[in-house]
Amino acid sequence: MEPKISEKAWNPELEKKILQQWEEEKIYDFTPQDDNFTIDTPPPYPSGRPWHIGAAAHYSQIDMIARTARMAGKNVYFPIGIDRNGLPVELYTEKKHKIRMRETERGEFLNLCRDALDDLEAEMLLIMKSLGISGDFANYYRTDSKEYRTLTQSTFIELWKKGEVYLANRPNNYDWVSGTTIADAEITYEDLSTKLVYMKFKIKDTDQEIVIASTRPELLCACRTIIVNPEDERYSQYIGKKIIVPITNAEVELRTHHSAQQEFGSGAVMVCSYGDQNDVALFRELELEEIVAIGLDGRMTEVAGEYTGLKPKQARTKIIEDLETGGLLDKVEDIVHRTPVSERSKTPIEIIPMEEYYLKQKGAVEKIKKLGQEITFHPPMHKQILMNWLESINIDWPISRRRYYGTEIPIWYCKNCSEPHVPEPGKYYRPWEEKCPISNCPKCDSTEFVGEERTFDTWMDSSVSPLFISKFNRDDEFFKKVYPVSIRPQAKDIVRTWLYYTLLRCEQLTGKKPWSEAWIMGYGLDEKGMKMSKSKGNAIDPLPVIEKLGADTFRFWSASEINHGYDFRCNEQKIESTKKFLSKLWNVSRFLSSFPVIESGKLGATDKWILAELDKLVKECKKGYEEYNFFIPAIAIREFTWNVFAAHYIEMVKARAYGIEFSDEERDGAIFTLHKTLSTILKLLAPITPFITEHLWKELYSKDSIHKEKQVTPENIEDQSNITKEISEFNSKVWNEKKSQNLSLKDSIKMEIPESLLEFKKDLKSMHNLLD
RNA sequence: GGGCUCAUAGUCUAGCUCGGUUAUGACGUCGCCCUUACACGGCGAAGAUCCAGUGUUCAAAUCACUGUGGGCCCA
């Protein structure tokens, strides 16, 4: 009998044809019904090649969620978005065109960014499609579109009107060379040599003194407290005492804090506003009032007394001299210090307070905790990340950024009285280039306005994704059907940002939770277990891998290697070896394609046994799919298909299926069971490897797509796994015996069949050519 | 400094919730074999003091405590 499938292996080239078919047949189209399964898909940021292999794995798995839900009979809405706001594209554009953002006309710069994004986006969509993502590509959205930015601005305006937004000063990173604030993401650390200055501080009303070491003596005038480690016995007698700061003669209190390291310097630390990020944290935690020692011009302010107007470095030199003259200097050491520097100018950053907009969040913490409790996390352990974060929130959310490529903050200020004016929601505003929508200031009647130039933190945009996809404020009927959406899949490292901010914003705007389930994935690590990143240079580009091996191989690797929720290592060789399983599946199918598909047959003991094992597999897969943990079905299916079905069952019934020395009825029992088992395997595997299962399904079982099928449900057949063990032990015994006698596998041999396997005697005899 | 998390053969991984098996499977390695689905295959072999220590127990990879090392997040 010639097999219907003739090729000896799965050819990944077929994936392209299948993709085309799916597109033509529109099998993943969505029409809203009363009950929908909506995925709050993370919009990827098109950051250019190489794309992150961990991200490719992540999106493959999100697609498995969609396919699992579809096969469970749900009406799946799987929107696709592209995140296009923020810093990366600005840096990319500056590099690409060798320009500086602030030295380029804003409109022109934005156009360059947009063009860059368009190119990167096209490539990204192509990769996503070729991965087999069954999303709604025809209606993909962009976070920098007019509609999206209108939503971001409208939600801001609503919150502004509710009094949830305010202006405040907070410390910011400042780069003197490029003259701008910079984001934490733009800071790198370099080991720079500097002087560690040991200064003498007097204890008030005594003649005792303590020595304090600092690399920033010029900030003495901004010193607010001295800290020592609570376990440091050298200072225990001084706790709570007043200390006189040298030069300024200000009085500060000595207190304990665990962040003071006994081994560094003298063990006592002066806390100034702001030497480094640690100072910022301490000021916040100890609720100290800041002293601004360095101004926006990069020079010492008037609080520095005689050092006013000097640059910090000059002030440092002079102050060391003065300390020495005054006998207040103990010693100076040359040290190497890990210093935060601007990624681009390579100069040390300063931390200075600047005025920014804040969104209130401290008061919402309890409500968000409650919402968090109502949401099911997959895996449950990652709920803790959110809860820990909520515990540690102690400031409101700074939402303004001094950047260009983002959603503009919709505010105009009266030129005369500075009163801010926020326009009506529902439109997209660009205050930096547009006229104020009102003609007269309601407060002072002036007719001149200045537009706000700042943009929002990009999380202001991303945090309303569930509202955008459910057409909040755009289509009430649609919104009612779709919101709250069903599931938020996302990576572990942005629970504190994306997940939390979404909860906060959606609660503030709708009073409801945005989704009922959150699905959290770990990150992709390199072969040595380090997080992959472009800057480390250890990122693997998924595209060549997918092109070479096919999306299904990649997807099966992702499912079988990534235990859900845990970090995973990426190894090209491992991905490649996954292909073997698809080959196995292909060849099993090829073998079965020589037999007709029949509806029934007389089942023998062997057939009943494999169907019991198959039912066990269905149960196991169901368990995994219900948790959206694809590791469970992937491992179970591979194990069953390869080591039970192919290795033992097929070998046992081969002769029977060919009808050699068996009745037609017995033969049909085998053929029926073979097909029933394979078709079940294909359906179970369809969410994980949609291409090969689609191809084999159509070759063997149906003209219609496997992705329109309902998932198989367990029949609760009694477990027979003890028999599996005995069969495989017996088969091994025969194979070993033949080997030791130097016999070929087809040679006959005399072996005793154990009593427990007598039911299988006829099949075993024909399999091994056993003599009576 | 705080938090989360992990630790099982050269590599990856199951088992740990609820203690008792010869510690699972895969990749890789080695040996034999073209047996009419598959050499991208089959069969077999070697390879692990289950991170360390202490405790509980008749019995610990599994439970408890302490420590060490890695990773990530936050500061």
Side-chain angles (χ1 to χ4, degrees), chain A residues 1-11 184 227 229 257-261 264 276-282 284-285 379 381-389 391-394 491-497 522-533 549 553 557 560-563 565-571 573-595 631-632 634-636 638-640 642-643 646-647 650-651 654-655 657-658 660 674 678 725 729 731-732 734-740 742-747 767-769:
Chain A
M1 262 177 278
E2 270 304 298
K4 194 174 161 197
I5 297 170
S6 55
E7 300 81 10
K8 280 192 169 185
W10 162 241
N11 178 5
D184 291 347
I227 56 163
N229 194 288
H257 196 271
H258 57 81
S259 71
Q261 292 172 39
F264 185 79
D276 56 28
Q277 286 293 343
N278 196 40
D279 287 338
V280 176
L282 281 165
R284 196 175 294 152
E285 186 184 329
M381 69 174 175
H382 286 334
K383 185 181 279 192
Q384 204 52 39
I385 303 176
L386 172 69
M387 293 304 165
N388 291 347
W389 175 240
E391 283 303 326
S392 69
I393 287 175
N394 55 16
K492 189 170 91 178
D493 50 350
I494 52 176
V495 168
R496 296 176 142 96
T497 48
Y523 351 78
L525 309 174
D526 69 8
E527 288 170 46
K528 291 177 196 127
M530 306 282 260
K531 190 177 180 181
M532 275 195 225
S533 66
L549 303 169
T553 298
W557 165 79
S560 63
E561 194 84 357
I562 304 174
N563 199 350
Y566 294 94
D567 299 347
F568 52 96
R569 297 196 187 192
C570 303
N571 181 322
Q573 193 219 328
K574 277 229 141 146
I575 301 175
E576 189 151 9
S577 58
T578 313
K579 202 178 162 211
K580 288 187 175 185
F581 172 66
L582 298 192
S583 279
K584 192 73 193 177
L585 179 71
W586 178 271
N587 278 298
V588 166
S589 307
R590 186 165 103 96
F591 172 59
L592 292 217
S593 76
S594 21
F595 305 106
F631 184 77
I632 293 172
I635 296 286
R638 182 178 61 195
E639 173 65 19
F640 172 81
W642 207 322
N643 296 335
I650 292 184
E651 295 301 330
K654 206 181 265 180
Y658 282 128
I660 305 165
L674 283 167
L678 177 63
K725 208 179 156 206
E729 272 169 13
N731 288 340
S732 273
V734 178
W735 286 322
N736 264 328
E737 188 57 32
K738 284 192 178 176
K739 186 164 215 149
S740 68
N742 256 328
L743 295 173
S744 140
L745 287 178
K746 64 181 170 183
D747 290 339
M767 171 181 180
H768 293 298
N769 196 6

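Letters A, B, ... mirror the listed sequences (proteins, then strands); counts begin at 1. These figures come from a predicted structure and were not determined experimentally.
Rounded to an integer number of Å, the gap from CG of A:Asn11 to P of B:C38 is 18 Å. Between A:Ile562 atom CD1 and B:U5 atom C1' there is a gap of 17 Å when expressed in whole angstrom units. A:Trp642 has its CH2 atom 12 Å from the P atom of B:C40, to the nearest Å. Note: CD1 (A:Ile494) to C1' (B:C74) measures 16 Å, nearest angstrom. The CE atom of A:Met387 sits 14 Å away from the P atom of B:C4 (whole-angstrom rounding). Computed from coordinates, the A:Phe640 CZ to B:A26 P distance equals 16 Å when rounded to whole Å. The separation between A:Lys746 atom NZ and B:U35 atom P is 5 Å, rounded to whole Å. Atom pair A:Gln384:CD and B:U5:P shows a separation of 7 Å (rounding to whole Å applied).
Counting only distance, with no hydrogens or angles, the side chain of A:Asn769 and the backbone of A:Lys746 share a donor-acceptor pair below 3.5 Å. When atom types are taken as modelled, the side chain of A:Trp389 and the backbone of A:Arg496 share a donor-acceptor pair closer than 3.5 angstrom. Side chain of A:Ser593 to backbone of A:Ile5: a donor-acceptor contact under 3.5 angstrom is found. Remark: the backbone N or O of A:Glu7 is paired with a side-chain donor or acceptor of A:Trp586 at under 3.5 angstrom. For A:Lys738 (side chain) and A:His768 (main-chain N/O), a donor-acceptor pair under 3.5 Å exists by modelled atom type. At distances below 3.5 Å, at least one donor-acceptor pair connects side-chain atoms of A:Asn587 with backbone N or O atoms of A:Ser583.
One P atom belongs to B:U54, the other to B:A61, and the distance between them is 14 Å to the nearest Å. One C1' atom belongs to B:C38, the other to B:A45, and the distance between them is 23 Å to the nearest Å. B:A26 and B:G42 have their P atoms separated by 10 Å, with the value rounded to a whole Å. B:A46 and B:C4 are spaced 39 Å apart, taking the C1' atom of each and rounding to whole Å. Comparing B:C6 with B:A14, their C1' atoms sit 16 Å apart, to the nearest whole Å. Comparing the P positions of B:C51 and B:U8 gives a spacing of 6 Å, expressed to the nearest Å. Comparing the C1' positions of B:A64 and B:U17 gives a spacing of 15 Å, expressed to the nearest Å. Here, B:A60 and B:A52 have their C1' atoms 15 Å apart, quoted to the whole Å.
When heavy atoms are screened at a 4.0 angstrom cut-off, A:Lys580 is found touching the sugar-phosphate backbone but no base atom. As judged by a 4.0 angstrom heavy-atom cut-off over every strand, A:Glu651 is placed among the base-contacting residues. A:Trp10 comes within 4.0 angstrom of nothing in the nucleic acid, heavy atoms only. Looking at heavy-atom distances under 4.0 Å, A:Asp747 makes no contact with the nucleic acid at all. When heavy atoms are screened at a 4.0 angstrom cut-off, A:Lys654 is found touching base atoms of the nucleic acid. Note on A:Glu391: nothing from the nucleic acid sits closer than 4.0 angstrom, heavy atoms only.
The side chain of A:Lys574 lies closest to B:C12 when the candidates are B:C40, B:C12, B:A37. Of the candidates B:G41, B:G44, B:U35, the closest approach to any side-chain atom of A:Ser732 belongs to B:G44. With B:C73, B:U35, B:A37 as the candidates, the nucleotide lying closest to the side chain of A:Arg590 is B:A37. Among the nucleotides B:G42, B:G25, B:C38, the one closest to any side-chain atom of A:Asn587 is B:C38. Comparing B:A14, B:C73, B:C43 by their closest approach to the side chain of A:Phe631 singles out B:A14. Of all nucleotides listed (B:G42, B:G71, B:A14), B:A14 comes nearest to the side chain of A:Asn563. For A:Tyr566, whose side chain is taken as the heavy atoms from C-beta onward, the closest listed nucleotide among B:C38, B:C6, B:C27 is B:C6.
Figure legend. B:A23 is base-paired to no nucleotide; pairs are counted as Watson-Crick or G-U wobble with both atom distances under 3.5 Å. Across every strand in view, B:C51 sits in a pair with B:G67 that passes the Watson-Crick or G-U test at under 3.5 angstrom. A 3.5 Å limit on both hydrogen-bonding distances identifies no Watson-Crick or G-U partner for B:A59. B:C43 is paired with B:G31 under the Watson-Crick or G-U wobble criterion, all donor-acceptor distances under 3.5 Å.
Two residues, A:Trp735 and A:Met381, neighbour RNA chain B, and the one matched to the more 5' nucleotide by heavy-atom proximity is A:Met381. The 5' end of RNA chain B is approached more closely, in terms of each residue's nearest nucleotide, by A:Lys579 than by the other of A:Lys579 and A:Asn736.
Scanning all heavy atoms of the two residues, the minimum distance from A:Ile650 to A:Val588 falls at CD1-CG1, 3.9 Å.
Looking only at side-chain heavy atoms (C-beta outward), A:Leu745 and A:Lys739 stay at 4.5 Å or farther from each other.
Judged by distance alone, with hydrogens and angles left aside, A:Ser583 brings a side-chain donor or acceptor within reach of the base of B:C40, the pair sitting under 3.5 Å. Taking 3.5 Å as the limit, the base of B:C43 and the side chain of A:Lys739 contain a donor-acceptor pair of atoms between them. The base of B:A14 is not paired with the side chain of A:Glu639 by any donor and acceptor separated by under 3.5 Å.
The shortest distance between the side-chain N/O atoms of A:Lys8 and the OP1/OP2 oxygens of B:A39 is below 4.0 Å. Remark: A:Asn742 is not in phosphate contact with B:C33, judged by side-chain N or O atoms under 4.0 Å from OP1 or OP2. Contact annotation: A:Lys492 side-chain N/O to B:U5 OP1/OP2 distance is not under 4.0 Å.
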Where do A:Leu549 and A:Ile575 land on the side-chain contact (heavy atoms from CB on, under 4.5 Å) test, with the steps shown first? CA-CA 8 Å; A:Leu549 303 169; A:Ile575 301 175; 3.9 Å; yes
